[in-house]
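A note on names: the letters A, B, ... follow the listed sequences, proteins ahead of strands, and every chain is numbered from 1. Side chains included, hydrogens not; waters and symmetry mates left out as well; all remaining heavy atoms used.
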Amino acid sequence: MKARTRVAPSPTGDPHVGTAYMALFSYCYAKKTGGEFILRIEDTDAERSTPESEATILDSLRWLGLDWDEGPDVEGPHGPYRQSERSDIYGQYAERLIADGHAFRCFCTRERLAEVRASQMKAGETTRYDGHCINISTDDAAALMAAGEACVVRMKIPEEGVCTVKDELRGDIEIAWSQVDMQVLLKADGNPTYHLAVVVDDHLMEITDIIRGEEWISSAPKHILLYEYLGWPMPKLVHMPLLRNPDKSKLSKRKNPTSIGYYKAMGFLPEALLNYLGMLGWSMPDGEEKFTLDEMIENFDLSRISLGAPVFDVDKLSWLNGRWLRETLDDGQFADRVTEWALNRDNLLKIIPLVKERVDVFSQLAPMISFFAEGMPELSPESLKVKNVEEEDVKKILQFSLWRLEAQILWERDPLNQLFVDLAESLGLKLRDVLAPIFVAISGKPVAPPLFDSMAILGPDICRARLRHAVSVLGGVSKKQVKRLEKEYKEL
RNA sequence: GUCCCCUUCGUCUAGUGGCCUAGGACACCUGGUUUUCAUCCAGGCAACAGGGGUUCGACUCCCCUAGGGGACGCCA
């Protein structure tokens, strides 16, 4: 049977290797059956979703070669593929669930919910909604709404019994209904939550197999119940293991470079990154570690997935990338790929205005612009020293800048400039002193082309990574220090 | 705290009851090739979390314990 699978990223930040991981397995699964792979943008969180993030997600996945058959930019018979453009659809189903007695309007305040949660936590119970509004009549609800009371729609959950989640990898998982919360389906702003939107869209888009992270197992009962309430056939569920940091926690950008853009900027080949992701939790029948996307599809089988959550090991990725470079590319292709990577005309045209007036002969160019094509510059604690500023404060400057930059969406010269002007002011420091260590962290030397232009060209992934690198050169920050710094940071 | 998932070398994995004296790869170490380095080649180190069952036989099946992870939001 032809499978239809999807990857459904939320455009709230840098495109994550975890997204690529799920996309890869979804893609292989669908293509193995001759089916389709769909890209859907889950931007129901109006607060955090940005069009910039969506654009970089599409770019990143396309760079990797995971082309989708249907999606926001190619359309298809089940569009639109952006949830923000489907809001009227979800409302309809929420109404239907209410009418059928499967959902109800809830007028509880956030404060009340927080209190309930806290007391349940304290009593050692599972935290869940206490059913306060479940018996409000239709008329009363209408009256409250007419009076301008804000409300959400929650789904009803069976009072007893267990839900059996059929996982294609693990078999049956039993979760008691008493553990499942009366999930909000429609938020006060009229937007659906993930749980409603994902069920409605997966059904309407005729998704047959849901491949997603293990983190979703515990909310699977809600989804299963919604399918039941709506009378729809349940797709197959495949929960992939989660990628991890070397310390075994869930892969996160605080501890590891997680954005696809970082690996692109560092000069990894998309084929190699994809190949590496493919060998996490999956292996070729003959044990070969180097394989193409097509080879993976050809040999793809769920039974070859292992369930232990793998550590993302940059060393092994580098080794694999080296093999791709040496074994797959001839000199001509190598030249083309390097050019495409950073030495392309567009990129040079951005750099040249910054250095043209600083050189007399071409040969002066290389040392001046080498940091545009470098990974992590070689730094020493001494090189990051700033006159009249304590080393601890330098570390603080770097860390605060990093946090500001992690929140920065518009990656251009002037906004970046402003970011540092603001930071210096709130810290009560001279801009020059704040910028000095940043300059060295980014360029690796005390003299270089203008900082903000350079940062704009380097892009967010490399800049953030270099700042993180600088912090670690200064000895890094301990958990205790992070706590203290975070507190101070919030008070700025 | 409650619930759920997971558990083979430091790391990625092979292993679907006898082929296991547990195989491969990364990393690390040693040696060789190379004017250097890298590549490449040869070799080495290193694991079935623990305890009970089931079975003629358990890395493989079951149970318990431990460890790790995840979920517990009007985030996804």
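B:G44 sits 16 Å from B:G24 when the C1' atoms are compared, rounded to a whole Å. The C1' atoms of B:A14 and B:C48 are separated by 13 Å, rounded to the nearest whole Å. B:C37 and B:G69: their P atoms are spaced 42 Å apart (whole Å). Comparing B:C6 with B:C61, their P atoms sit 12 Å apart, to the nearest whole Å. B:A49 and B:G68 are spaced 11 Å apart, taking the C1' atom of each and rounding to whole Å. B:G10 and B:A22 have their P atoms separated by 15 Å, given to the nearest Å. Look at the P atom in both B:U8 and B:C59: the space between them is 15 Å, to the nearest Å. Here the separation of B:G15 from B:A58, taken at their C1' atoms, is 13 Å to the nearest Å.
Checked against B:C12, B:C74, B:U2, the side chain of A:Gln179 finds its nearest nucleotide in B:U2. Residue A:Thr193 places its side chain closer to B:A76 than to any other of B:A76, B:G70, B:U2. Set against B:C74, B:C12, B:A14, the side chain of A:Pro310 has B:C12 as its closest nucleotide. Of the listed nucleotides (B:C3, B:C12, B:C26), B:C3 has the atom at the smallest distance from the side chain of A:Ile175. The side chain of A:Leu113 sits closest to B:C74 out of B:C26, B:C74, B:U16. Considering only the side chain of A:Arg326, B:U39 comes nearest among B:U13, B:C6, B:U39. With B:A76, B:C4, B:U13 as the candidates, the nucleotide lying closest to the side chain of A:Glu42 is B:A76. Comparing B:C75, B:A71, B:C12 by their nearest atom to the side chain of A:Met279 picks out B:C12. Of the candidate nucleotides B:A76, B:C72, B:G69, B:C72 has the atom nearest to the side chain of A:Thr127. Here B:A25 is the nucleotide among B:A25, B:G68, B:U13 with the atom lying nearest to any side-chain atom of A:Glu289.
The distance between atom CZ of A:Phe312 and atom C1' of B:A27, rounded to the nearest whole Å, is 16 Å. Rounded to an integer number of Å, the gap from A:Met155 CE to B:C74 P is 14 Å. Atom OH of A:Tyr276 and atom C1' of B:A27 are 12 Å apart (whole Å). One atom, NE2 of A:His195, and another, C1' of B:C74, lie 11 Å apart when rounded to the nearest Å. Rounded to an integer number of Å, the gap from NZ of A:Lys248 to P of B:G67 is 15 Å. Taking atom CD on A:Glu111 and atom P on B:C74, their separation rounds to 13 Å, with Å as the unit. What separates CG of A:Asp315 from P of B:C26 is a distance of 12 Å, to the nearest Å. For the pair A:Trp319 CH2 and B:C40 P, the interatomic distance rounds to 9 Å; values are reported in whole Å.
Looking only at atom types and distance, the side chain of A:Tyr29 has a donor-acceptor partner in the side chain of A:Asp209 under 3.5 Å away.
A:Trp282 has its ring centre no less than 6.0 Å from the ring centre of A:Tyr21. Taking the six-membered ring for Trp and the full ring otherwise, A:Tyr276 and A:Trp319 have centroids separated by 6.0 Å or more. Ring-centre distance between A:Phe300 and A:Phe291: not below the 6.0 Å cut-off.
Across all strands shown, A:Gly308 has heavy atoms under 4.0 Å from sugar-phosphate atoms exclusively, and none from any base. Within the nucleic acid shown, A:Val152 comes within 4.0 Å of at least one base atom, counting heavy atoms only.
Pairing partner, B:A71: B:U2, with both Watson-Crick or wobble hydrogen-bond distances short of 3.5 Å. If you check B:U11 for Watson-Crick or wobble pairing at under 3.5 angstrom, you find it paired to B:A25. Look at B:A49: its Watson-Crick or wobble partner, with both distances under 3.5 angstrom, is B:U65. Summarising the base pairing, B:C56 is matched to B:G18 through a Watson-Crick or G-U wobble pair whose two defining distances lie under 3.5 Å. Base-pair partner of B:A42: B:U30 (Watson-Crick or G-U wobble, both distances under 3.5 Å).
Applying the 4.0 Å criterion to OP1 and OP2 of B:C72, one finds that A:Thr126 has every side-chain N and O outside that range. For A:Lys250, no side-chain nitrogen or oxygen approaches OP1 or OP2 of B:G68 to under 4.0 Å. For the pair A:Arg212 and B:A76, the criterion of a side-chain N or O lying under 4.0 Å from OP1 or OP2 is not met. The shortest distance between the side-chain N/O atoms of A:Lys187 and the OP1/OP2 oxygens of B:G73 is not below 4.0 Å. Look at A:Arg244 and you won't find any side-chain N or O under 4.0 angstrom from OP1 or OP2 of B:C5. Contact between the side-chain N/O atoms of A:Arg117 and the OP1/OP2 oxygens of B:G73 is found at a separation under 4.0 Å.
Between A:Asp181 and A:Tyr194, the residue anchored nearer the 5' end of RNA chain B, judged by the nucleotide with its closest heavy atom, is A:Asp181. Between A:Leu169 and A:Ser283, the residue anchored nearer the 5' end of RNA chain B, judged by the nucleotide with its closest heavy atom, is A:Leu169.
Judged by distance alone with a 3.5 Å cut-off, no donor-acceptor contact links the side chain of A:Lys316 to the base of B:A27. For A:Arg170 against B:C5, a side-chain-to-base donor-acceptor contact under 3.5 Å is absent.
A cation-pi arrangement is present between A:Arg154 and A:Tyr129, with the terminal nitrogen or guanidinium carbon under 6.0 Å from the aromatic centre and inside a 45° cone about the axis.
Within the 3.5 Å criterion, the main-chain N or O of A:Leu405 finds a donor-acceptor partner in the side chain of A:Arg464.
Taking 4.5 Å as the limit, every side-chain heavy atom of A:Ile175 sits out of range of all side-chain heavy atoms of A:Thr164.
The environment of A:Asp172 atom CG is dense: over 12 non-hydrogen atoms of other residues, nucleotides or ligands sit within 6.0 angstrom.
Between A:Asp202 and A:Arg40 there is a salt bridge, since a side-chain N of the basic residue sits under 4.0 Å from a carboxylate O of the acidic one.
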